[in-house]
**Student:** 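Sharing a structure below in structure tokens format, with a few things to ask.
What you see is a predicted model, and the numbers here were worked out from it, not measured in a lab.
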Protein chains: 2
Amino acid sequence: MNKLREGGIDTAAATAAAPQSLAAGRALPQAGTGTLGKAISVLDIVASAEEPMRFTDILAISDQPRGTLHRQLSNLVEEGLLSINRDHSYSLGLRLLKFAAKAWAGNQFRTIAEPHLKTLHEHTGETVHLGVLRGTEVIYLDKVESRQAVRMYSQIGNASPVFCTGVGKAALSVLPDDTLHKVVASINFRRFTDHTLVTPEQLMADIEAIRASGNSYDREEHELGIRCVAAPLYSKDLSFVAGVSVTGPAYRVSMEMLESWAEMVRKTALEIMDDMRTRLGPRT
Amino acid sequence: MNKLREGGIDTAAATAAAPQSLAAGRALPQAGTGTLGKAISVLDIVASAEEPMRFTDILAISDQPRGTLHRQLSNLVEEGLLSINRDHSYSLGLRLLKFAAKAWAGNQFRTIAEPHLKTLHEHTGETVHLGVLRGTEVIYLDKVESRQAVRMYSQIGNASPVFCTGVGKAALSVLPDDTLHKVVASINFRRFTDHTLVTPEQLMADIEAIRASGNSYDREEHELGIRCVAAPLYSKDLSFVAGVSVTGPAYRVSMEMLESWAEMVRKTALEIMDDMRTRLGPRT
DNA sequence: ATATCGAGTTCCACTATTTGGAACACAATT
DNA sequence: AATTGTGTTCCAAATAGTGGAACTCGATAT
């Protein structure tokens, strides 16, 4: 099997099937590619826990035998991907920070999108997000807001569920049906607010509407008092699928206002895509 | 060998000997622990390149055979740790962002230090940094400054050389001699400015001064026009060694001002250590 | 003191995965 | 059409990972 050539729709499908740790829910340990996959799967277990986990806790979730798990943890620690606390609990290692800083700074997509996000922010005055689809999660790549009081890491890199975020639903809307069905089938629906869409049917209906209009909305589905409009963004071959959104507090931003921004958000998405095509080669 | 029990000085030693990618300089590929180590080593090669590298470029640096390297890259891509661009070049994957966001948010040390950093910033009005020692690099964990205009990721997670940063030299000063010599021996000295210390002798002399006073200074050694005072910070068993610093532009911050802040910086470091001892158990 | 229990660690014969040389595709160049 | 450079695939041999069971250590109970 050719693994590197998983371009196009296959990538999206593979991504959807990739090991996932539901942002809110139980982590489903799922072995990945060989030895590395198993190690990363252990890392993921530690990452998706709220509190640092101890050996036995991890043992219970990963279905690895004691000896094996112990060695995997040792290796992870030795590589700096995990660190072990005095009380034998594990936390993610600092080496990850270094990698992530490079990953972020070097991300071509983000670099290209950045000025467009700023423009969109200037026109709307509200917070602008850029997030990419990864399995059943959206990973936020960038954020532009006026008051930079909130710390960057509190948002960037964060993973949120696809089914209840504007960016997530926008991204889903551009997937071809077969891929979409696979992704939707693997979503772990969870109610966050009274407005959360909690069944595949509700989500699919919304996605149809998004496909028709080109915009998705988060109607306080993830967090009470928070609304957004978003538009999808993708490479021609769907090797990546993302979304831009304008988010604001419900008391200040009415649905009508969001609707009035919808076209601008779509336009921003198109402009970013144009820029990518011209700067990363015409076949993008 | 017991890998998990590498507490105390051994950890520092192990860290010093760990695979490293010099922040500025050539990456020295160095195989790590088994299969995982090799994979991470490949990741590191990609991470320490300025531009995305293509297969052959990586092949030249990693001394792995073609077939092997190809599979390693495939696995890394499949795990989302690496992503492959259209032109067959590799960049770091977005999954790393998710891991790092958790690593940062969950870092106990950082959480405890944060309020102290803020206080220090309020007293001095200049930028405060918190960085930890990792091999011959310092990884910045946090940053407090007035104008949050600069984006977070541009600094946090960044790795800088130990030998020409205040935080780095402060951290080195608390290592026991044998460990210190090992670390210094593996430093790749490189001149950044006219003031950079470029020989082990110069560095060791400075470290003696730091040991005597309890403060290190960066006298425009890393970047022209930038100065700082720092103080070391460490756990009793040296399982981690770090530093706090106050940094400012030379035109505004004279050496005299830095000296007047020196005691306050030391005090901040002590307070953070106290806090850690009380909150993470007395043996810390 | 001594026994008991739980948590973490180590050991080593067995086995599955990784290895790496060489052959194979594919594209761009000559 | 031939050549060169790059990336990809294959498979027997070698290596590294596996996992059950035994062991150590510390805390709690007797």
**Student:** Tell me, do A:L76 and A:Y90 make a side-chain contact under 4.5 Å, heavy atoms counted?
**Tutor:**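 Result no, sub-4.5 Å side-chain heavy-atom pair not found.
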
**Student:** Starting at atom CG of B:D87, determine the distance to atom C1' of C:dA28, rounded to an integer number of angstrom.
**Tutor:** 15 Å

**Student:** Any side-chain N or O of A:H70 under 4.0 Å from OP1/OP2 of C:dT9?
**Tutor:**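 For C:dT9, OP1 or OP2 has a side-chain N or O of A:H70 closer than 4.0 Å.
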
**Student:** Could you state the atom-to-atom distance from NE2 of B:H88 to P of C:dA25 in whole Å?
**Tutor:** 17 Å

**Student:** Distance only, no hydrogens: is a donor on one side chain within 3.5 Å (strictly under) of an acceptor on the other, for B:S91 and B:N85?
**Tutor:** yes

**Student:** Go through the structure and list residues passing side-chain hydrogen bond (donor to acceptor under 3.5 Å, both in side chains) with B:T35, not counting sequence neighbours.
**Tutor:** none

**Student:** With side chain to side chain contact (heavy atoms under 4.5 Å, CB included) as the test, pick out the partner of A:V42 among A:L73, A:T68, A:N75.
**Tutor:**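 Going through A:L73, A:T68, A:N75 one by one, the side chain to side chain contact (heavy atoms under 4.5 Å, CB included) with A:V42 is satisfied by A:L73 alone.
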
**Student:** Nearest whole angstrom, please: distance from the P of D:dG26 to the CZ of A:R86.
**Tutor:** 15 Å

**Student:** Would you say the side chain of A:S160 lies within less than 4.5 Å of the side chain of A:V167, judging by non-hydrogen atoms?
**Tutor:** no

**Student:** Taking atom C1' of C:dC26 as reference, at what distance in whole Å does atom CZ of B:F55 sit?
**Tutor:** 15 Å

**Student:** Would you say B:T56 places a side-chain N or O within less than 4.0 Å of OP1 or OP2 belonging to D:dG5?
**Tutor:** no

**Student:** So, the side chain of A:R110 versus the backbone of A:W104: is there a donor-acceptor pair under 3.5 Å, distance only?
**Tutor:**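 Yes.
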
**Student:** Measure all distances between protein nitrogen or oxygen atoms and nitrogen or oxygen atoms of nucleotides 15-18 of chain D, and list the pairs falling under 3.5 Å.
**Tutor:**
{"from": "D:dA16", "atom 1": "O3'", "to": "B:T35", "atom 2": "OG1", "distance (Å)": "3.2"}
{"from": "D:dG17", "atom 1": "OP1", "to": "B:T35", "atom 2": "N", "distance (Å)": "3.0"}
{"from": "D:dG17", "atom 1": "OP1", "to": "B:T35", "atom 2": "OG1", "distance (Å)": "3.1"}
{"from": "D:dT18", "atom 1": "OP2", "to": "A:R71", "atom 2": "NH1", "distance (Å)": "3.1"}
{"from": "D:dT18", "atom 1": "OP2", "to": "A:R71", "atom 2": "NH2", "distance (Å)": "2.3"}

**Student:** Restricting to non-hydrogen atoms, name the atom on A:M53 and the atom on A:I61 that form the minimum distance, rounded to 0.1 Å.
**Tutor:**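 Answer, listing the atom of A:M53 first, then A:I61: CE-CD1, 3.5 Å.
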
**Student:** Five pairs per end, C1' atoms only: what is the angle between the end axes of the helix from C:dA1-D:dT30 to C:dT30-D:dA1, to 10 degrees?
**Tutor:**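 Overall, the helix from C:dA1-D:dT30 to C:dT30-D:dA1 bends by 30° from one end axis to the other.
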
**Student:** Please report the distance, rounded to the nearest Å, between CZ in B:R54 and C1' in D:dG5.
**Tutor:** 10 Å

**Student:** Does B:S235 reach the main-chain N or O of B:F240 with its side chain, forming a donor-acceptor pair under 3.5 Å?
**Tutor:**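 Indeed, once roles are kept as given, a pair shorter than 3.5 Å links the two residues.
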
**Student:** If I compare all heavy atoms of B:L233 with all of B:A269, which pair ends up nearest, and what's the gap?
**Tutor:**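 Result for this residue pair: CD1-O, 3.0 Å.
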
**Student:** Without decimals, in angstroms, what is the distance between B:L59 CG and C:dG20 P?
**Tutor:** 12 Å

**Student:** Write down the distance between CG (A:L73) and C1' (C:dA7), rounded to a whole number of angstrom.
**Tutor:**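 Whole-Å distance recorded here is 14 Å.
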
**Student:** What is the distance, rounded to the nearest whole Å, between atom CG of B:N85 and atom C1' of D:dG7?
**Tutor:**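 Interatomic distance, CG of B:N85 to C1' of D:dG7: 15 Å.
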
**Student:** Contact class for A:R66 (heavy atom, under 4.0 Å): base, sugar-phosphate, or nothing?
**Tutor:**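 Base contact.
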
